[in-house]
Amino acid sequence: MSFDRTQWVWHNGEIVPWSGAGVHLSANIVQYGSGVFEGIRCYETDKGPAIFRLEEHVDRLYSSAAKYDIAIPLPASSLKDGVCEAIRRNGFTSCYIRPVCYYGSGRPGICAERCPVNISILVWPWDPFLGDQGQKYGVRVSLSKWVKFHSSMLPTTAKACGGYLNSMLAARDARRRGYDEALLLNAEGNLAEGPTENIFIVHEDRLITNDESSSILLGITRDSVIRIAHDLGYAVEIHQLRLGDLAAASEAFLTGTAAEITPIREFEGRPIGMACPGPVTLKIQRAFLAATSGRLPQYHSWLHFVGSG
Ligand code: PMP
């Protein structure tokens with residue numbers, strides 16, 4: 001799965017061919033990573049392609065931009081229309097969606113003065129990020145030597161391009177060491193999150209996850225899992241997680257738009273729980289997949305149908 005099947009890109013309100021969608025080398029984003037973005041998924045349903053929680057993703061994009069004082073020169077409704085148009089023009093029934101708002105070329109320097117804010121929307125077919133096998137049998141996770149930046153250094157609840165160098169270091173380090181994914185501690189020494197995923201642990205019938213006080217991005221999949229878990233009758237606790245909580249967990253899983261719900265089989269070479277995926281993870285995973293593909297009426301309001309335009 002790569003960009004091979006994408007022919008069209010939505011760029012500043014227009015559909016342009018993939019080959020013509022460039023950024024000038026002098027653009028502020030190229031120099032400093034000055035942009036914000038989203039990762040969204042569109043799923044195949046009986047009623048055609050549907051975007052999962054588009055509203056919340058677009059809200060987070062505007063809030064990420066606001067935290068960096070980036071003024072998006074477009075109302076949210078036009079951005080949502082742009083997402084649908086990009087999917088329709090490429091003819092995808094399911095895909096990953098990547099809107100990016102970034103500073104173009106203006107006055108040189110870190111303050112991005114007189115730099116226009118550009119908006120591009122890329123879409124491409126993308127399998128679960130940690131693999132079908134990973135989703136089915138669980139992944140092996142390492143403890144990153146890189147610490148998640150503290151929310152007093154960069155706003156961790158914003159999804160900003162430059163911040164992902166921290167994730168890149170952690171993810172590469174894990175793969176170099178033969179693991180599928182990394183977990184990062186925060187500056188206080190508690191668990192933060194994966195490079196692009198939140199974490200949940202299960203203790204008997206209780207789910208536990210952390211929140212922004214642990215310097216994490218508040219994932220939309222995380223939020224969906226909390227709602228699904230409540231609906232399935234599980235208690236959900238939200239507080240800081242220590243490494244010992246993970247070691248003692250009966251189950252653990254990662255959540256994210258790209259990774260969806262991926263069980264953790266091992267952490268630093270030690271198995272988590274008795275079986276992977278455990279029964280709670282499996283139930284949540286199944287409900288999540290049913291929700292995203294439109295098979296559970298109680299979650300229909302999470303779907304935004306792409307329609308015929
Ligand atoms: N944490 C980080 C650092 C991420 O990049 C992501 C992916 N957006 C997540 C958590 C999960 O967020 P979501 O469920 O909204 O994709």
Side-chain angles (χ1 to χ4, degrees), residues 33 35-43 51-65 67-68 83 95-101 122 126-130 134-135 139 141 144 146-151 153-174 181-187 190-201 207 209-229 236 238 241 252-262 264 284-285 287-289 291-292 299 302 304:
V36 292
F37 68 103
E38 265 306 313
I40 316 172
R41 268 191 194 276
C42 171
Y43 290 90
I51 304 159
F52 188 65
R53 306 199 69 176
L54 178 63
E55 190 80 28
E56 290 82 353
H57 280 285
V58 169
D59 281 354
R60 190 171 65 186
L61 182 71
Y62 280 77
S63 116
S64 297
K67 288 180 178 123
Y68 281 89
V83 167
C95 59
Y96 187 82
I97 305 155
R98 167 60 48 81
V100 200
C101 300
L122 301 173
W126 211 16
D127 283 342
F129 171 62
L130 295 169
Q135 270 194 6
V139 289
V141 171
S144 173
W146 299 102
V147 168
K148 171 78 198 229
F149 52 84
H150 191 261
S151 51
M153 302 170 180
L154 288 176
T156 62
T157 50
K159 215 170 151 54
C161 301
Y164 278 82
L165 288 175
N166 180 235
S167 294
M168 188 176 104
L169 287 170
R172 285 187 164 178
D173 178 56
E181 192 53 302
L183 270 175
L184 291 85
L185 298 180
N186 60 25
N190 292 317
L191 277 175
E193 58 184 344
T196 57
E197 307 91 5
N198 294 122
I199 179 165
F200 280 80
I201 66 171
L207 279 90
T209 193
N210 50 11
D211 65 8
E212 67 269 37
S213 66
S214 291
S215 296
I216 64 163
L217 181 77
L218 289 171
I220 290 162
T221 319
R222 168 190 175 279
D223 182 71
S224 311
V225 164
I226 293 172
R227 159 88 190 276
I228 290 171
V236 182
I238 297 175
L241 287 168
F253 58 89
L254 298 168
T255 64
T257 299
E260 297 175 322
I261 294 171
T262 299
I264 301 178
I284 304 241
Q285 205 182 35
F288 179 79
L289 290 179
T292 54
Y299 304 119
W302 281 348
H304 182 106

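One-based numbering, in listed order, for ligands and for the atoms of each. Note that this is a predicted model, so its numbers are computed, not measured.
The protein heavy atom nearest to atom 14 (O) of ligand 1 is Thr221 OG1, 2.6 Å. Given atom 16 (O) of ligand 1, the protein heavy atom at minimum distance is Thr257 OG1, 2.6 Å. Looking only at heavy atoms of the protein, atom 6 (C) of ligand 1 is closest to Thr196 O, 3.2 Å.
By the 3.5 Å distance cut-off applied to N or O atoms, Gly219 is not counted among the residues near ligand 1. Remark: ligand 1 and Ser167 share no N or O pair separated by less than 3.5 Å (distance only, no angle test). Residue His57 has no nitrogen or oxygen atom sitting less than 3.5 Å from a nitrogen or oxygen atom of ligand 1, judged on distance alone. For the pair Glu193 and ligand 1, the shortest N or O to N or O distance falls below 3.5 Å. Annotation: Thr255 places no N or O atom under 3.5 Å from an N or O atom of ligand 1; distance criterion only. Taking only nitrogen or oxygen atoms, main chain and side chain alike, Lys148 does not reach within less than 3.5 Å of ligand 1.
Under 4.0 angstrom from ligand 1, the non-hydrogen atoms of Pro195 all belong to its backbone. Only the side chain of Lys159 comes within 4.0 Å of ligand 1, counting heavy atoms alone; its backbone N, CA, C and O stay farther away.
Between the side chain of Arg222 and the backbone N or O of Phe200, no donor-acceptor pair lies under 3.5 Å. Glu260 places no side-chain N or O within donor-acceptor distance of the main-chain N or O of Leu130, the cut-off being under 3.5 Å. Between the side chain of Thr209 and the main chain of Ile199, a donor-acceptor pair closer than 3.5 Å is present. Listed for the Thr156 side chain is a donor-acceptor partner under 3.5 Å among the backbone atoms of Ile216. With hydrogens and angles disregarded, no donor-acceptor distance shorter than 3.5 Å links the side chain of Asn186 to the backbone of His150. In terms of modelled atom types and a separation under 3.5 Å, the side chain of Thr221 and the main chain of Thr257 share a donor-acceptor contact.
Near Gly256, with a cut-off below 4.0 Å to any heavy atom, the atoms of ligand 1 are 11 (C), 14 (O), 16 (O). Atom numbering of ligand 1 starts at 1 in the shown order; those under 4.0 Å from a heavy atom of Tyr164 are 2 (C), 3 (C), 4 (C), 5 (O). The Asn198 neighbourhood of ligand 1 comprises atoms 10 (C), 11 (C), with distances under 4.0 Å to a heavy atom of that residue.
Ligand 1 lies nowhere less than 4.0 angstrom from a heavy atom belonging to Ile216. Ligand 1 has Arg60 within reach: a non-hydrogen atom of the residue lies less than 4.0 Å from it.
Atom CH2 of Trp302 has more than 12 heavy atoms from other residues, nucleotides or ligands within 6.0 Å.
For Phe52 and Phe288, the distance between ring centers is under 6.0 angstrom. Taking the ring centroids of Phe37 and Tyr164, they lie under the 6.0 Å cut-off.
Listed by first and then second residue, the salt bridge (Lys or Arg N to Asp or Glu O under 4.0 Å) pairs that reach into residues 154-173 come to none, sequence neighbours excluded.
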